[in-house]
Amino acid sequence: MSSYRVAVMGGDGIGPEVLDETLKVIAAAGVTLDTTTYELGAAHYLKTGEVLPDSVLEELRGHDAILLGAIGAEVGSTAVPAGLLERGLLLRMRFALDLYINLRPFQGVPGSLAAGCDFVVIRENTEGTYAGEGGFLRQGTPFEVATQGSVNTRHGVERCVRYAFELAQSRPEKHLTLVHKTNVLTFAGDLWQRTVAEVAPGFPEVTWDYNHVDAACIYLVENPGRYDVIVTDNLFGDILTDLAGAVAGGIGYAASANLNPDRTGPSMFEPVHGAAHDIAGENLANPIAAIHSGALMLDFLGEKEAAGRVLVATKEFIESPHPSDLGTTAIGDAIAERL
Ligand code: IPM
Ligand code: MN
């Protein structure tokens with residue numbers, strides 16, 4: 001069996017502890033990883049002033065994948081300027097490594113609003129408002145202007161839409177929903193809608209429809225079962241996936257894969273949740289989002305069988321009776337033992 005070069009960035013707060021459980025479960029699934037640990041994040045920035053050195057970014061390119069825990073300073077801390085780590089570390093990796101798909105799968109856990117539902121959000125990950133277009137004019141004066149543009153290229157939208165159609169084609173329901181706000185964002189929305197309409201004939205088995213993003217928020221809560229694959233832009237995808245996480249049982253279950261499907265660089269796998277400094281180091285964090293992200297990594301690396309077994313073991317654990325206050329390490333152990 002091959003060994004994979006994986007860059008491991010625990011980051012801040014609960015990040016390192018949920019990754020420890022992820023690595024434990026991957027080892028139990030029989031996959032060997034050759035890991036390099038990187039100390040990056042808020043704590044590292046406060047110690048060294050470094051966010052993501054160019055040399056580290058170059059080293060990352062030599063890896064097969066990146067596993068990330070969580071990045072972020074404590075809530076209310078002003079020691080780290082707003083957006084510095086988000087733009088300088090997380091978004092920098094997404095953009096520099098061309099991780100243009102943010103895949104976020106949701107399987108409603110028992111008792112959640114989406115219990116029994118299974119859908120995936122494909123979020124465009126390198127454009128939209130996240131591209132950072134904009135600026136200030138007459139800053140600090142009463143006549144100040146702040147603009148924040150949304151960048152939507154045909155190339156960027158089409159590669160994302162194609163990926164979503166391919167995914168929909170591979171799933172039993174074969175259904176795709178474009179989520180946007182075409183009634184107000186008439187330029188970007190038009191490009192997205194035309195692109196979906198033009199790509200669709202290449203996937204005759206896939207049915208598709210369109211929801212405005214505000215309506216999608218209602219449907220996600222009232223009838224999440226209507227969704228199979230959702231494709232949407234960067235900001236709508238960010239917001240919708242927090243809502244989807246809550247509906248499917250809580251953000252502690254929400255996994256994500258930042259993919260470069262062309263494999264011109266390593267893809268990055270991270271739980272959707274943040275650093276949760278308030279519970280860090282207390283063995284209280286739910287490692288399931290990170291473990292599921294690890295399974296997405298195995299799948300992308302080609303270890304489909306091991307990935308499938310991790311997903312089954314995790315699902316079985318979630319559905320089996322267990323104390324609700326089981327700690328981080330005990331959850332990791334229980335999933336590892338099933339493997
Ligand atoms: C996410 C996060 C990030 C995003 C932040 C931390 C920049 O909320 O991965 O959803 O907005 O993409
Ligand atoms: Mn988010």
Side-chain angles (χ1 to χ4, degrees), residues 9-15 18-19 22 40-45 51-52 57 65-77 80-106 119-134 148-152 156 160 179 213 216-217 220 230-260 267-277 280 285-286 288-290 292-294 296-297:
M9 284 176 206
D12 301 305
I14 61 171
V18 296
L19 282 201
T22 306
L40 293 170
H44 182 76
Y45 168 75
V51 178
L52 175 58
L57 184 60
I66 303 165
L67 255 187
L68 185 97
I71 299 291
E74 289 191 45
V75 178
S77 152
V80 184
L84 185 85
L85 296 169
E86 289 81 355
R87 284 232 159 261
L89 179 50
L90 197 59
L91 300 186
R92 184 156 183 231
M93 285 193 286
R94 289 180 184 168
F95 283 75
L97 302 173
D98 206 17
L99 309 178
Y100 63 87
I101 297 298
N102 196 325
L103 177 146
R104 297 185 165 180
F106 297 93
F119 60 93
V120 183
V121 178
I122 297 300
R123 162 186 175 187
E124 200 292 319
N125 214 28
T126 54
E127 299 193 344
T129 45
Y130 280 66
E133 194 214 2
Q148 193 91 50
S150 176
V151 174
N152 298 263
C160 176
V179 171
V213 65
C217 290
L220 259 182
I230 290 175
V231 67
T232 191
D233 92 342
N234 210 338
L235 183 59
F236 293 144
D238 177 48
I239 299 166
L240 221 47
T241 52
D242 268 19
L243 178 63
V247 162
I251 205 78
Y253 294 96
S256 85
N258 296 261
L259 302 177
N260 173 334
S267 291
M268 192 244 286
F269 301 83
E270 51 164 348
V272 176
H273 63 68
H277 287 272
N286 183 353
I288 289 180
H292 190 169
S293 304
L296 296 175
M297 177 181 82

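In listed order, ligands and their atoms are each counted from 1.
If you look at R123 next to ligand 1, the close heavy atoms, those under 4.0 Å, all belong to the side chain. Contacts between R104 and ligand 1, counted as non-hydrogen atom pairs separated by less than 4.0 Å, involve the side chain only.
Atom 10 (O) of ligand 1 has D238 OD1, 2.9 Å as its closest protein atom, hydrogens excluded (heavy atom only). In terms of protein heavy-atom proximity, atom 7 (C) of ligand 1 is closest to E86 CG, 3.6 Å. For atom 11 (O) of ligand 1, the nearest protein heavy atom (residue, atom name, distance) is Y130 OH, 2.6 Å.
Judged by distance alone, with hydrogens and angles left aside, the side-chain atoms of D98 form no donor-acceptor pair with the main-chain N or O of N260 at under 3.5 Å. Using modelled atom types, one side-chain atom of S293 and one backbone atom of E270 make a donor-acceptor pair closer than 3.5 Å. Formation of a donor-acceptor pair under 3.5 Å by the D233 side chain with backbone atoms of G128 is not found in this model. In this structure, the side chain of N286 does not engage the main chain of Y253 through any donor-acceptor pair within 3.5 Å. No side-chain donor-acceptor contact under 3.5 Å links H273 to the backbone of A290.
Which parts of ligand 1 touch R94 is read off a 4.0 Å heavy-atom cut-off, strictly below it: atoms 1 (C), 4 (C), 9 (O), 12 (O).
Interatomic distance, CG of L90 versus CG of N258, reported as 7.0 Å (0.5 Å rounding). Rounding to the nearest 0.5 angstrom, the gap separating the CD1 atom in I66 from the CZ atom in F269 is 9.0 Å.
Under a 4.0 angstrom heavy-atom cut-off, R87 registers as lying outside contact with ligand 1. Distances shorter than 4.0 angstrom do not occur between any heavy atom of V272 and any atom of ligand 1.
Checked against N234 for a side-chain hydrogen bond (donor to acceptor under 3.5 Å, both in side chains), the options R123, E127, R94 give a single hit: R123.
The shortest N/O to N/O separation between N102 and ligand 1 does not fall below 3.5 Å.
Within the 2.8 Å limit, D238 places at least one N, O or S atom next to the Mn ion (ligand 2).
Across I71, L90, L89, L235, heavy-atom proximity to atom 6 (C) of ligand 1 is greatest for L90.
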